[in-house]
Undergrad: 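I have a structure here, written as structure tokens, and I will follow up with some questions on it.
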Amino acid sequence: AASRLRVAVVIAGELGDKSFYDSSYQGLTRAEQQLGIYGKVLPCKTDPANYMPQMIAASSNFDLVIVVGYELIDTLKQVAPQFPNVDYVYVDDVVKVGQVTSIVFKQNESSFMGGALAAMITERKGFPMVNAQKVVGFVAGEDYSVIRDFLIGFKQGVHYIDPNIKVLTGYVGGWDDPATAKEIALDQFHRGADVIFQVAGGSGLGVIDAAKQAGFWAIGVDSPQGYLAPHHIIGSVVKNVGNAVFDMIKAKIDGTYKRGVIYTYGIANNGVGLSYSKEMLHNVPADIIQKLIQLRTDIITGKIKVKSYFGKR
Amino acid sequence: MSEIIRFNSVTKKFGKVVAVNSVDLSIKSGEIHSVIGENGAGKTTLMHLLYGMYKPDSGKIFVRAKEVNFSSPKDAIKDEIGMVHQNFMLIDDFTVYENVVLGAEPHHFISFDREKAKRTVAKLAKEYKMEIDVNEIVGSLSVGLQQKVEILKLLYRNASILIFDEPTAVLTPQESETLFNTLRKFKAFGKTVIFISHKLKEVKEISDRVSVMRNGKLLDTFKNENLSEIDLAKMIAGREIQNPAAVSSKKGETILKINDLTIIGDKGIPAVKGLSLDVSRGEIVGIAGVVGNGQSELEEALVGMRKIANGKIEFKGVDIGKMSVRKRREFGIGYIPEDRIRTGLAPIASVLENVIMGHQNEREFSARLDFMKRKRARYFANQLVNEYRIVCKSVDEQVGTLSGGNMQKVVIAREFAHDVDLLIVSQPTRGVDVGGIEFIHKKILDMKKSGKAVLLISSDLDEILLLSDRIVVMYEGQIVHSTSTKDADLQKIGLAMLGMRS
Amino acid sequence: MYIYRSTINTLVLILLPALGGMWTLQTGMLNISQEGSMLVAAFFAVFGSYIFSSFWMGLFFAIIASLVFNLIYALFCVNLRANIWVIGMALNILASSLTILLLKSIFGVKGSFTSDRIQQIPFVHLGNLGIFNGVFNDFSSIVWLTLILVILFKYIDSHTTFGLHLKAAGKNWRALDSAGVSSIKVRYMSILINAVLVGISGAYLSIGYLKLFNKDMSAGRGWIAVAAVIFGNGNFTWTIIATVAFGFMDALGISLQTYGLNSNLTMMFPYLAIVAALIYQGVKSSKEKAIEE
Amino acid sequence: MSEKYRGFLIVVISFFLSLVLGGFLIMLYKVSPIEGYKVMIFGALGSRYMIYSTLARMVPILLTGLAIAISFHAGIWNIGAQGQLYLAAFVVAAMGVSFHDIPTAIYLTLGVALGLAIGGLWAWLPGYLRVKYNVNEVVLTIMLNSIAIYFTTYMTNGPFRTSQGSLGATNVIDKGMWFNHISPLSNLNTGVFVAIVAVALIVYLMLFAKHGYEWKMMRLNPRFSVYGGVSVKQNMILAMVISGMLAGLAGMLLVMGDYHRFLNGISPGYSWTGMILAMMVNYDPIGVIITSFIYAVMTSGGLRMELILGIPQELVQIIFVASVMFVTAGYALANKVANRMQEEG
Ligand SMILES: Nc1ncnc2c1ncn2[C@@H]1O[C@H](COP(=O)(O)OP(=O)(O)OP(=O)(O)O)[C@@H](O)[C@H]1O
Ligand SMILES: Nc1ncnc2c1ncn2[C@@H]1O[C@H](COP(=O)(O)OP(=O)(O)OP(=O)(O)O)[C@@H](O)[C@H]1O
Ligand SMILES: [Mg+2]
Ligand SMILES: [Mg+2]
């Protein structure tokens, strides 16, 4: 036990977001259980004054430091060179500094899939809770780049199915305001949206609550959220941060860990994708599922090129 | 007449100060009983003990032969005791009737029966011949009317023991006379009145018996008819009091020239209309008049606290109409304002901070880089406290905790310490005891003697007559009468103050 | 049309604390801790509703929690005369931290909690009203309660002695005391009434409008109420106008997003509106006076 | 003099009591309070880097605390330090990404000046409206906070979005505008010397200067100050502007010193903390220095308590709240006792 691998996950926000950070935490716990490592999450609670001290605390007490959250990028660049013996994994972007290994997620690809799903549902006549209008919705916490990457993929997916479908967008203005999120979702619902994709952290719960109350479909985000409302969540656009975290730890234990490499987690290696919950497989017509599988293949083979807000990486 | 109130060796201390020191006092039912004494003698405190605002440290209070132990004014009100405080307890934004019935409002189910309230208050006012519109907002009333509201409050609550703490300090002679008539009416109705005042003439005029306090102790109680005003003054001060002898001085050049001055008041209508007046060095000009005839606006305009709408103010030959307060002060104008608590002092600040105000820009206290010489300031403050015999624990004590007379001394000390050429003095002895008045009057006359000009504004006609060389009467923003003091005709002045031409 | 329902739905959240806050302000006690009280109330509403599967218990717990918070405020600010801002803001921080800790220690979750066992405060369906369905039907019972409270408050405010005492306590407490009415009691009353209203609005947030608790879910609504209260300066009509205007601007902002306006800009609307109103109010009244230096 | 000592003593005792209460809370997590506080102190001051990061944390809180202290001291309520901080920080960053090849000395000076100017300007507006039209500055500054924050968020996600990744931030500013980090393992930077100068000036202004005296009188009785020749309106605006400049300085230092770019959440409520601290010590600038240091120690140490002992940071926040309330109650009680001593002897 003395030689147990010590792994820190430094997150920019804090646990409990039901998506991104929680997912990385799950990866860490899975590694603790299956690989017997010692793991610890160091949350920075989105206070920039915490970034540096937490990064240093992680670097001086752990062997492998996994950094989750783009807010931490500057700090990582500054700290990593000072701890040459520590391995760093940066999740969600590329950091070209010494030993840092980067993991990039192509959320636009999974978002494309979400868009396609939403489009096919809203057009499906006779499907529960679906109306005649060709309208879907998109509700996000705040308007900034990653979210726009989500939005671009989502829109492309929707319009790939039918260019005539309207995509309504709304921003809550915060990640912990489910009441406003619900308000926005209901507003979109009243404008004809019957499938709404939420990328809004804690606020997203308000969208799901609205789905249950008003009767429409919500699409979950980051981790499989189907369990939150089995009969109102048609699927989740997942970003498997947990898997990535787990993979890195495993690689380190197996000795296959490589410093300074960029790993891309796209739809091809199941780093991102649509999560098909039991209910979904049960609810959604087989031809739609067929089509989704087809789309996934097309993306992997490059037949469909999903646009990104960030341009080429 | 039977005894209605009895204090039995009542003592009340504030820290080391013994405000009331084993006082024995008996008040008879249906009398008008005056309590007099120098500033800080403990008069107000004694009355607050009776009204349940403080509890005695030791001793007993009996009301109608029953020992009482009030823990708040509420209890005192139940025992039919009412008090008109030195500072009124009114809510300015409320109407007259709302103020009167507050705390004992007539109800109609759960709602406040305004109509009944209005009727009752109006009836009450009529009964005591008080002319007042119950729907007026109290804040817009004159001081005299506000006092009537205070009195109505007591009557509304059926008070039969009425305490008046310096009720006439802010009243005009006419208003005082009306008040006395009311007090006499109370007496006729069998009510008991306790009356506190520094104006011995009034005490002589109204009282049945007089109690004298000094240093917290009750010296004695006398029948009014056995004493003269001079006796009273002697007992209060513990020494002979003399009216300052008229000082003659040479009248110098004209230093202040006010020409056709118009000032807009708070209500948006002109408060001063085309007023012209000159003041010369070595001269005291007294402005007499009923409060609210533009005096406040005039004095504020002269020191620069209020804009002038029209006309010219010339001081030492310079038009100062647009000068800032600071510039005017530096140019040689000193000002003792009428309202010391609101304007003349910052009650929460220390004596030191209060006496420095207005001096802070002087070389003596202010160095380069905005530095303030606090040690110097402290020395200065201590000097003033000694010179003017201001009673305070130290110059760090809050001014607000001083007695009224001492607060006034702080203002006077500060303003007299300026090397001014013109001093505007407004109501300088309001609420000040006889000893203090003597002192302040002497200081004002000293000013004149040393060749300064003094503009004295007072609603106390005696004060004006005593000090001024020249008297003008203000009525509705204009000077309606002007005379030298030696030719003054009291009758004419009195009529002019009421706006009547003789 | 939907903007109407949207406004009504969320208006309640700021109207109740604005009403309560208006009264505490009248007594001279601006209550800065509305945000915190609302948050703890929201938490305990979920707690009570979840444990007992009863929205009544949720409401009950919410009000109790809000009462406790407001009593702390009263103790410090009325009895000890401590600075209202310090205590108010300290209580807001306390509420945020406390609910996060309790969420973890009671429900074992971080961030948010929801469950089917939480019973929601019922909605009111008035039957088929034809074209008025959209106008009156299917609002939360709290919406109706709020409407009743607004009318009741208006009445109490201008027609009862309690309303008179509130203002007297704020304008000159010494005068009120010397008239035999304890100003401290009046202040306590106003604070406790405020506590009940904020408690209800917190409960509405978590188990009326929504059915979940999320950390910091009050999301600045208490502050908006405080701003409306300061704006109204104790005046019933102005407070209500400020609150309604704010609620409407907020809903309008949301609505306009859908037409492609940038959300960060639309979210400024309510704030810009209040600034404009303040300046208008100021310029107008200073023109009316047009004197004094 | 003795008054001052008594006040000081009461504050110390109240603070100590809040630590005792905190000790009990720590015991809920099955940790001995001594151990808990030891870890806290060590986490804040245990090494050079820890001290650095504690100081870095202290700077913006101290500056905003003083910003609020100075305006409240003068009787005008600037609740808008947060907005002034944000706007100044953003504008400075916007300049830093827009211009290049300016000599460092000039660029730094420009940056500092711009930060001060923008902060001051965003405070001047409500100050002016208050003085000219009697618009309530409290509501106004609260509203201006939100407007500034939404505006900067809009800009950093729109026209000034970083081209270097997904951060909600501007690009890194030109190197010529950097206050360099004192160590790569800390955000503490040479800008701290600017802060020290500013703090010294403010302490001088509030405690030793004539203006400090005039402002205090302005708060205690504005009419009295007018009477004494203080031009109250000008001074109110001046106090407001200086207050805004301090907040702007805080924002400017965060950009030019700590992060070298503008971040969306650059000040997670620093000004609110600063405000609590300022009012807790009755606007005494020395008190603000002490309390903001203590606050920085508690929060820095709190991170380590969470890491080593598993005590959540929220608990540290609760201990902080407790100390605020205890100290406030202490002050209030001291005044009450003083009153009673006077009344009862
Ligand atoms: N609340 C208080 N705290 C401390 N000292 C007080 C308080 N009230 C009165 N004193 C002191 O008690 C003494 C008696 O004051 P009191 O007000 O009773 O005098 P007074 O006779 O009414 O004087 P004046 O004629 O000036 O009104 C004074 O020395 C005063 O400073
Ligand atoms: N708003 C209030 N409501 C009820 N009681 C009050 C209120 N304000 C003050 N008191 C009580 O009245 C007494 C005197 O208050 P007062 O305002 O005169 O004190 P102060 O010394 O002038 O105040 P400060 O703290 O501003 O110096 C105090 O002991 C206080 O407990
Ligand atoms: Mg459809
Ligand atoms: Mg007295």
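Basis for what follows: all heavy atoms, side chains included, without hydrogens, waters or symmetry-related copies. Residue numbers start from 1 in every chain, and the chains themselves are labelled A, B, ... in the order their sequence lines are given, proteins ahead of strands.
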Undergrad: Roughly how far apart are B/I348 CD1 and D/M217 CE, rounded to 0.5 Å?
TA: 9.5 Å
Undergrad: Please determine whether a side-chain nitrogen of the Lys or Arg among B/E362 and D/K210 lies less than 4.0 Å from a carboxylate oxygen of the Asp or Glu.
TA: no
Undergrad: Decide yes or no for D/Y227 and B/M305: does some side-chain heavy atom of the first lie under 4.5 Å from some side-chain heavy atom of the second?
TA: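 Contact flag for D/Y227/B/M305 side chains = yes.
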Undergrad: Checking B/D370 side chain against D/L205 main chain: does a donor-acceptor pair fall under 3.5 Å?
TA: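 Side chain of B/D370 to backbone of D/L205: no pair is present.
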Undergrad: Enumerate by number any residue of residues 111-122 of chain D whose heavy atoms lie under 4.5 Å from heavy atoms of chain B; in the absence of such residues, state 'none'.
TA: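 So no residue qualifies.
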Undergrad: Is it the side chain or the backbone of B/E330 that comes within 4.5 Å of chain D heavy atoms, both, or neither?
TA: neither
Undergrad: Do D/Y213 and B/I356 have side-chain heavy atoms sitting under 4.5 Å apart?
TA: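 Of all side-chain heavy-atom pairs linking B/I356 with D/Y213, at least one is under 4.5 Å.
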Undergrad: State the CZ-OG distance between B/R326 and D/S231, to the nearest 0.5 angstrom.
TA: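 Spacing of CZ (B/R326) from OG (D/S231) equals 8.0 Å.
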Undergrad: Please look at B/T343 and chain D and tell me whether the side chain, the backbone, both or neither of the residue comes under 4.5 angstrom of a heavy atom of that chain.
TA: both
Undergrad: Which pair of non-hydrogen atoms, one from B/G344 and one from D/F224, has the smallest distance, and what is that distance?
TA: O-CE1, 3.2 Å
Undergrad: Measuring from atom CG of D/L220 to atom CG of B/L345, what distance do you get when rounded to the nearest 0.5 angstrom?
TA: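 Rounded to the nearest 0.5 Å, the CG-CG separation comes to 12.0 Å.
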Undergrad: Please classify the contact between B/I341 and chain D as side chain, backbone, both or neither, with a heavy-atom cut-off of under 4.5 Å.
TA: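 Answer is backbone: N, CA, C or O of B/I341 sit under 4.5 Å from chain D.
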Undergrad: Measure B/R340 against the heavy atoms of chain D and call it side chain, backbone, both or neither at under 4.5 Å.
TA: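 Interface part for B/R340: neither.
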Undergrad: Taking side chain as everything from C-beta outward and backbone as N, CA, C, O, which of these in B/R328 sits under 4.5 Å from a heavy atom of chain D? Side chain, backbone, both or neither.
TA: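 Interface part for B/R328: neither.
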Undergrad: Would you check if the side chain of D/N221 reaches a backbone N or O of B/R342 as a donor-acceptor pair within less than 3.5 Å?
TA: yes
Undergrad: Which residues satisfy the ring pair (Phe, Tyr, Trp, His ring centres under 6.0 Å) test with B/F416, sequence neighbours excluded?
TA: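 With neighbours one apart ignored, the set is empty.
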Undergrad: Which one wins on heavy-atom pair count under 4.5 Å against chain D: B/K55, B/K327, B/E300?
TA: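 Top option by heavy-atom pairs under 4.5 Å: B/E300.
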